[in-house]
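One structure is given below, encoded as structure tokens.
Sequential numbering from 1 along the given sequence is applied to the chain's residues.
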Amino acid sequence: MNSPEQPLPTFDEVLLCTPHTTAEQVGLFLRRCLIPCHGGDKIYTMLYADELSYEVSCRAEELFQHLQCYSSSYRLIILCSCERENSYLPSAFSHCKVHMIPQRPREDIQQYLQHHFRVAQPSSSAAAVFKEHMCVGIVSSKRAGMGK
């Protein structure tokens, strides 16, 4: 976010973890991150790593330890909720823990995201539905099932 021209992460750089994320999915992600290839300087991010099951977390740590010898220049961020920092994977990597607070004001972050999510040539696309021709939007309600 240091420059508005820096791209957003690509689909292969982010793993959104849930309790249903498999060890195979985590393994593929860690291989992309830790085995050097022509991918460049990507920053890999596991979101909600605290949501992984105990079994998947154990296998992920084992695989990480095994693959770490292939590269010393990997860039991996593991994000988790501070309420679940005692779950397996956050505990296993607790020696690397960094408490983060966003360094940019909310308005700067919103402008950066608007720059990347705006449809260049508004046409008859779904982006016409969202504010200022954004290709992404959030629809929410305090009442469930109200036709969102």
Side-chain angles (χ1 to χ4, degrees), residues 1-123 125-140 148:
M1 234 187 83
N2 293 330
S3 165
E5 302 309 314
Q6 286 180 318
L8 292 169
T10 58
F11 70 93
D12 64 330
E13 293 176 87
V14 179
L15 178 64
L16 181 60
C17 302
T18 69
H20 306 292
T21 302
T22 65
E24 181 181 9
Q25 291 170 316
V26 175
L28 290 171
F29 179 78
L30 289 175
R31 284 180 178 82
R32 279 196 302 266
C33 173
L34 296 169
I35 296 177
C37 64
H38 61 281
D41 293 332
K42 292 184 174 187
I43 300 173
Y44 293 89
T45 307
M46 289 179 69
L47 297 170
Y48 306 115
D50 53 307
E51 294 284 329
L52 294 173
S53 70
Y54 180 80
E55 179 185 332
V56 172
S57 295
C58 289
R59 290 179 63 188
E61 183 195 13
E62 289 172 12
L63 183 61
F64 177 85
Q65 299 300 337
H66 175 72
L67 294 175
Q68 191 177 13
C69 65
Y70 289 103
S71 175
S72 61
S73 63
Y74 62 89
R75 294 165 44 163
L76 174 64
I77 298 170
I78 301 174
L79 294 174
C80 64
S81 169
C82 60
E83 286 106 29
R84 293 182 43 103
E85 66 184 349
N86 293 327
S87 59
Y88 187 87
L89 210 55
S91 295
F93 290 97
S94 63
H95 62 283
C96 305
K97 185 187 322 186
V98 177
H99 290 280
M100 290 297 299
I101 298 172
Q103 301 297 309
R104 304 276 183 172
R106 183 179 188 163
E107 294 78 25
D108 290 353
I109 295 169
Q110 287 174 334
Q111 286 177 353
Y112 174 79
L113 293 173
Q114 285 177 353
H115 172 76
H116 287 285
F117 288 129
R118 183 169 286 122
V119 175
Q121 294 294 328
S123 62
S125 73
V129 174
F130 294 113
K131 181 180 175 184
E132 298 176 10
H133 301 288
M134 295 291 139
C135 63
V136 180
I138 298 174
V139 179
S140 65
K148 294 182 285 292

### Query
At their closest point, which heavy atom of C33 faces which heavy atom of L76, and how far apart are they?
SG-CB, 3.7 Å
### Message
Strictly by salt bridge (charged side-chain N to carboxylate O under 4.0 Å, His left out), give each pair with a member in residues 60-70 just once, sequence neighbours left out.
### Response
none
Can I get a per-line list of side-chain donor-acceptor pairs under 3.5 Å for residues 14-24, giving both atom names and the distance, sequence neighbours left out?
{"from": "T18", "atom 1": "OG1", "to": "H20", "atom 2": "N", "distance (Å)": "3.1"}
{"from": "T18", "atom 1": "OG1", "to": "T21", "atom 2": "N", "distance (Å)": "3.4"}
{"from": "T18", "atom 1": "OG1", "to": "T21", "atom 2": "OG1", "distance (Å)": "3.4"}
{"from": "T21", "atom 1": "OG1", "to": "T18", "atom 2": "N", "distance (Å)": "2.8"}
{"from": "T21", "atom 1": "OG1", "to": "T18", "atom 2": "O", "distance (Å)": "3.2"}
{"from": "T22", "atom 1": "OG1", "to": "Q25", "atom 2": "N", "distance (Å)": "3.1"}
{"from": "T22", "atom 1": "OG1", "to": "Q25", "atom 2": "OE1", "distance (Å)": "3.3"}

### Task
Enter the distance from I77:CD1 to M46:CE here, rounded to the nearest 0.5 Å.
12.5 Å
### Pair listing, salt bridge (charged side-chain N to carboxylate O under 4.0 Å, His left out) test, anchored in residues 8-17, at least two apart
D12-K42
### Query
Rounded to the nearest 0.5 Å, how far does CG of L47 lie from OG of S81?
12.5 Å
### Query
What are the two closest heavy atoms between G27 and L63, and how far apart are they?
CA-CD2, 3.3 Å
### Task
Specify the closest pair of heavy atoms between L67 and I35, including all atoms of both residues, with the distance to one decimal.
CD2-CD1, 4.0 Å
### Summary
By ring pair (Phe, Tyr, Trp, His ring centres under 6.0 Å), Y48 pairs with (sequence neighbours left out) none
### Query
Where do L30 and A60 come nearest, in terms of heavy atoms and distance?
CD1-O, 3.6 Å
#### Entry: Non-hydrogen atoms of Y44 and R32 that approach each other most closely
OH-O, 3.4 Å
### Qualifying ring pair (Phe, Tyr, Trp, His ring centres under 6.0 Å) pairs with a residue from residues 51-85, counting only residues at least two apart or across chains
Y54-Y88, F64-Y74, F64-F93
### Task
Look up atom CG in D108 and atom CZ in R106, then write down how far apart they are to the nearest 0.5 Å.
12.5 Å
### Query
Who passes side chain to side chain contact (heavy atoms under 4.5 Å, CB included) against E55, sequence neighbours left out?
S53, R59
